[in-house]
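See below for the structure under consideration.
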Protein chains: 2
Amino acid sequence: MSHTLGIRQAQKQKTRQALLDAALRLLEEQSLSSLGLREVTRAVGVAPTAFYRHFRSTADLGVALVEEALGSLHAMIRTTVSPSGDSEERIDRAVKLIARHVDEHPAHVRFIARERHGGVQPVREAIGDQLARFTEEVRAELAKDPVSAGWSDEDLMMLAHLYVDQMLSTASLFLETPAEDGEERARVADLARRQLRLISLGRRHWNAE
Amino acid sequence: MSHTLGIRQAQKQKTRQALLDAALRLLEEQSLSSLGLREVTRAVGVAPTAFYRHFRSTADLGVALVEEALGSLHAMIRTTVSPSGDSEERIDRAVKLIARHVDEHPAHVRFIARERHGGVQPVREAIGDQLARFTEEVRAELAKDPVSAGWSDEDLMMLAHLYVDQMLSTASLFLETPAEDGEERARVADLARRQLRLISLGRRHWNAE
DNA sequence: AATTCCGGAGAACAGTTGTTAACTGCATGG
DNA sequence: CCATGCAGTTAACAACTGTTCTCCGGAATT
């Protein structure tokens with residue numbers, strides 16, 4: 001069904017992507033609420049008015065960036081939490097996956113961390129929606145896991161929330177640690193593993209007393 | 001030693017505080033990196049140039065706001081984590097304390113959550129420093145607690161980090177929930193208590209196997 | 001081949017920004 | 001009581017902002 005879209009729409013999507021890329025780049029050293037439309041178009045090398053052909057405002061562009069940054073992450077999340085293998089190696093796999101993702105998409109991760117509580121309401125809401133979807137997906141995976149089988153929905157959501165928070169916190173820590181400083185990175189990974197281990201421990205004893 | 005400071009310095013501190021208050025107010029609907037100096041002085045009713053008598057830039061003002069928002073919080077943190085009373089009532093006390101603090105200083109909490117990963121480096125660093133101090137203080141308290149007595153320093157820091165993250169996450173959730181919606185607030189409090197309970201459970205079994 | 005559509009350019013708008021300089025009036029210290 | 005210090009003012013600057021309207025050229029449609 002992918003009808004090789006005409007050279008017209010192709011060009012449009014190309015400049016649209018250029019705008020998104022330039023914005024993401026500029027957002028590494030400022031927040032969305034201070035990002036100017038002219039600033040973005042200037043970086044792309046296009047007239048200011050061209051911006052309006054793609055986005056109503058910078059807030060609108062921000063929402064599009066949320067999709068780009070989080071939209072494709074669902075599959076990865078699910079495979080991370082899915083119960084396969086020993087607990088210890090699952091933890092190790094999860095931490096490595098987070099580190100890899102941060103290294104491959106640092107600007108995206110920074111954008112989400114920054115705008116999650118940022119000054120632009122529609123963007124905050126878009127991020128909140130996506131994170132809620134993540135949490136729900138983690139909850140669904142946890143329900144399958146024998147360790148947390150038969151838990152109440154409140155308990156499952158509590159645990160899912162804890163895992164998502166942990167993931168974001170760890171990603172943010174990796175982001176703040178330059179990739180060259182292998183020693184510090186190792187310390188962050190170690191911290192994350194210990195925390196996941198403690199949560200996993202609390203999980204196993206949750207209904208045992 | 002508090003030599004009732006002259007009517008001159010008193011006036012200065014008064015407008016300085018007015019600038020801080022106005023800025024905090026404006027920052028409820030935007031982030032620091034988009035806060036203009038003229039915007040602040042206009043809100044106070046003072047000439048733009050007067051700003052320079054107090055701060056070098058808005059980033060400088062932001063750092064001052066960090067002190068105001070977090071500087072006085074250390075004592076509270078310590079008493080919250082300190083081991084006194086049953087585990088369950090300690091958890092309840094901590095959650096109530098967070099809720100109360102958010103209700104009394106919502107703008108401060110919002111500011112910290114927003115600028116922790118915000119676009120202004122000096123402010124990010126100031127917040128990071130304060131949070132590191134908090135984490136260290138929590139670690140020191142945990143070392144006294146019989147439940148985590150004899151733990152390694154890495155383990156203690158791991159747990160302290162977990163508690164501080166938890167505290168911030170809960171505060172942010174309270175902030176997003178309007179104070180009138182008692183039902184939703186109760187759900188947030190319930191979630192926070194369950195999470196603390198699970199962490200506490202993992203804590204008790206940490207070195208038991 | 002003729003016509004419509006539309007992404008982008010260009011120019012102009014009123015309003016905003018940070019920063020500079022030189023000033024005024026009043027509390028302060030000698 | 002007089003001279004100094006200094007918080008705050010006024011005026012002006014070049015640079016920047018979002019938004020509107022008009023136009024152009026080439027792809028898409030008929």
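We name chains A, B, ... by the order of the sequence lines, and we start the count at 1 in each one.
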Separation of atom [atom1] in [X] from atom [atom2] in [N], rounded to whole Å:
| X | N | atom1 | atom2 | value |
| --- | --- | --- | --- | --- |
| B:F51 | C:dT19 | CZ | P | 9 Å |
| A:L35 | D:dC16 | CG | P | 16 Å |
| A:Q9 | C:dG7 | CD | P | 9 Å |
| B:F55 | D:dG8 | CZ | C1' | 15 Å |
| B:Y52 | D:dG8 | OH | C1' | 14 Å |
| A:K14 | C:dC6 | NZ | C1' | 18 Å |
| B:Q30 | C:dT16 | CD | P | 14 Å |
| B:R38 | D:dA12 | CZ | C1' | 10 Å |

(message) Once you apply a heavy-atom cut-off of 4.0 Å, does A:A50 come out as touching a base, just sugar-phosphate, or nothing?
(response)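 Contact class for A:A50: sugar-phosphate only.
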ask   = Just checking B:R42: base, sugar-phosphate only, or nothing, at a heavy-atom cut-off of under 4.0 Å?
value =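 If one applies the 4.0 Å heavy-atom cut-off, B:R42 turns out to touch the sugar-phosphate alone, with no base involved.
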Side chain A:R53 and base C:dC6 donor-acceptor under 3.5 Å: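 No.
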Base of D:dT10 paired with side chain of B:T49 (donor-acceptor, under 3.5 Å):
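Flag set: donor-acceptor pair detected.
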So does A:T15 get a side-chain nitrogen or oxygen closer than 4.0 Å to the phosphate oxygens (OP1/OP2) of C:dG8?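 Checking A:T15 against C:dG8: at least one side-chain N or O falls below 4.0 Å of OP1 or OP2.
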**Asked** Is B:R56 near enough to C:dT19 that one of its side-chain N or O atoms lies under 4.0 angstrom from OP1 or OP2?
**Response**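 Checking C:dT19 against B:R56, no side-chain N or O comes under 4.0 Å of OP1 or OP2.
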I want to verify a distance call: between [options], whose nearest atom is closest to the [X] side chain?
| X | options | answer |
| --- | --- | --- |
| B:K12 | D:dA7, C:dT28, C:dG7 | D:dA7 |
| A:E39 | D:dG18, D:dT17, C:dT17 | D:dT17 |
| B:R8 | D:dA28, D:dT9, D:dG5 | D:dG5 |
| B:I7 | D:dA27, D:dT19, C:dA27 | C:dA27 |

Problem - Residue pair A:H74 / A:E137, side-chain donor-acceptor N/O under 3.5 Å - result: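 Present: a donor and an acceptor within the cut-off.
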Is the closest side-chain donor-acceptor distance between A:T15 and A:Q11 under 3.5 Å?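 No, because no side-chain N or O of A:T15 sits under 3.5 Å from a partner of the opposite role on A:Q11.
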Review point. Quick one: CG on B:L131 to CZ on B:F134, what's the gap to the nearest 0.5 Å?
Key: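 One finds 7.0 Å between CG of B:L131 and CZ of B:F134.
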Problem set entry | B:F51 CZ to B:R38 CZ distance, which is reported to the nearest 0.5 Å |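 Rounded to the nearest 0.5 Å, the CZ-CZ separation comes out at 12.5 Å.
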For the side chain to side chain contact (heavy atoms under 4.5 Å, CB included) test, which of A:E184, A:R185, A:R100 pairs with A:F174?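 Filter result, single survivor: A:R185.
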